[in-house]
Number of protein chains: 2
Amino acid sequence: MPVETRPDHAPLELEHFLPYRLSILSNAVSQGIADEYQRRFDLSMTEWRVMAVLARFDGLSAREVAERTLMDKVAVSRALARLVESGRVNRGTHDGDKRRSVLGLSEAGWQVHDEVAPMARARERELLAKLDAEERDWLMRILDKLQPVDQP
Amino acid sequence: MPVETRPDHAPLELEHFLPYRLSILSNAVSQGIADEYQRRFDLSMTEWRVMAVLARFDGLSAREVAERTLMDKVAVSRALARLVESGRVNRGTHDGDKRRSVLGLSEAGWQVHDEVAPMARARERELLAKLDAEERDWLMRILDKLQPVDQP
DNA sequence: GCGTTATAGTTACATATGAAACCATTTGCA
DNA sequence: TGCAAATGGTTTCATATGTAACTATAACGC
């Protein structure tokens, strides 16, 4: 049985270290949800995020999708390649700027969306059910304050 | 300028979706810290986590490191390979069980640790400085409640 | 107008990660 | 004992991800 040693070196206690705790929690939560749609729809987390913003904002360009998801443009490009390939996203070209794509969910894309979105929300509810109303309030306030404003 | 569409499909609003917010926050925080020790010490996040537990618990086996860090054994094995190679971790063999390794920080490992740990703590403090004492209290309480008990 | 610079998006390469197969050793038990 | 099952750890392979280079088009300055 190992013993705690060298207190003079002030070792980091991971289980009380906020960044570590956030990372463990976040991964468990997101991965739990992603596993489900991955299995059922062969959809990666990045692909789902792209679909989610296209569900809200039709006609975005790839760059705009990247902005909204905070993903980098390469990740978006790859996710889109698969989504277009699988027929879940339609890609057109912008009138008057042939560089820009014009993206939107296809009928099949909407069908997937309409199954995944409620599932994701249900999982979020399960998570929040561990908290009472007051705690939920504080959590949202705290996240607002911790959230970095914008990363370019 | 794109317009919000198809409210009938109840699209997910990522920026209000807790798992997404946690993920963005957690990545920004952890990556911010990791960038710094990566640059200064050529140390990956997984390697740092291994070092952090070995700083607290000398003589662990690789499996025990994996348990403490919640990383899988392959990741630990790889991190250890690099750490032993770079002379930051000593690896011996357990008396009476030749499968098990006996791990600990080397002198060089301690030197790295003693620079990285205070830096990590400083970054954590900067993050927590965005909150007042009451908010910090709530945050810790909330994390305790949300934290999955254990993943085997 | 035309060359330079910027922008949208993709491709290529190098590295990271996860799952499963694998080797060595130890444990359990007939 | 001795052999099947379990355990510690590494390797392999397939996939994911990030960075930089690249292509095509558009915007800018003269």
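Just so we're on the same page: letters track the sequence lines, and every chain starts at 1. All values reported here derive from a predicted model rather than from experimental measurement.
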Could you please spell out the steps behind the side-chain contact (heavy atoms from CB on, under 4.5 Å) verdict for B:Met51 and B:Val116?
-> CA-CA 10 Å; B:Met51 291 188 67; B:Val116 175; over 6 Å; no

Listed once per pair and sorted, the ring pair (Phe, Tyr, Trp, His ring centres under 6.0 Å) pairs that draw on residues 111-131 of chain B, sequence neighbours left out = B:Trp48-B:His113, B:Trp110-B:His113

Set of side-chain contact (heavy atoms from CB on, under 4.5 Å) partners for A:Ala62, sequence neighbours left out | A:Val76, A:Leu80, A:Ser101, A:Leu103

Between CE of A:Met45 and P of C:dG18 the distance, given in whole Å, is 12 Å

Quick one: which residue pairs count as a salt bridge (charged side-chain N to carboxylate O under 4.0 Å, His left out) with a foot in residues 117-126 of chain A, not counting sequence neighbours?
-> A:Glu36-A:Arg123

Could you write out each protein N or O paired with an N or O of nucleotides 4-6 of chain D at a distance under 3.5 Å?
none

Could I get the full list of salt bridge (charged side-chain N to carboxylate O under 4.0 Å, His left out) partners for B:Arg78, not counting sequence neighbours?
-> none

Listed by chain and number, what are the salt bridge (charged side-chain N to carboxylate O under 4.0 Å, His left out) partners of B:Asp144, not counting sequence neighbours?
-> A:Arg21

OP1 or OP2 of C:dT10 under 4.0 Å from side-chain N/O of A:Ser77 | yes

Can you name the residues that form a side-chain hydrogen bond (donor to acceptor under 3.5 Å, both in side chains) with A:Asp72, not counting sequence neighbours?
-> none

Does the distance from a Lys or Arg side-chain N to an Asp or Glu carboxylate O, for B:Arg68 and B:Glu64, drop under 4.0 Å?
-> no

Below 3.5 Å between N/O atoms, which protein atoms pair up with nucleotides 21-23 of chain C? Just atom names and distances, please.
none

Rounded to whole Å, CZ of A:Arg82 lies from P of C:dT10 at a distance of 15 Å

Assign each of A:Ser44 and A:Asp97 the nucleotide of DNA chain D bearing its closest heavy atom; nearer the 5' end lies the nucleotide of A:Ser44

Spell out yes or no: do the side chain of A:Arg78 and the base of C:dG9 have one donor N/O and one acceptor N/O closer than 3.5 Å?
-> no

Going by the side-chain hydrogen bond (donor to acceptor under 3.5 Å, both in side chains) test, which pairs reach into residues 80-93 of chain A, not counting sequence neighbours?
-> A:Asp42-A:Arg82, A:Glu47-A:Arg82

Candidates C:dT26, C:dT10, D:dT19 - which lies nearest the side chain of A:Asp72 | D:dT19

Whole angstrom is fine here: how far is it from CG in B:Leu70 over to C1' in C:dG18?
-> 16 Å

Stretch residues 84-96 of chain A: residues that reach within less than 4.0 Å of DNA chain C through a heavy atom = A:Arg91

Under 4.0 Å: is that the gap between some side-chain N or O of A:Arg100 and OP1 or OP2 of C:dA8?
-> no

Listed once per pair and sorted, the ring pair (Phe, Tyr, Trp, His ring centres under 6.0 Å) pairs that draw on residues 119-147 of chain B, sequence neighbours left out | A:Trp138-B:Trp138

Look at A:Ser61 and C:dA8 and indicate whether a side-chain polar atom (N or O) is within less than 4.0 Å of OP1 or OP2.
-> no

Nucleic acid contacts - residues 31-43 of chain A versus DNA chain C, non-hydrogen atoms under 4.0 Å = none

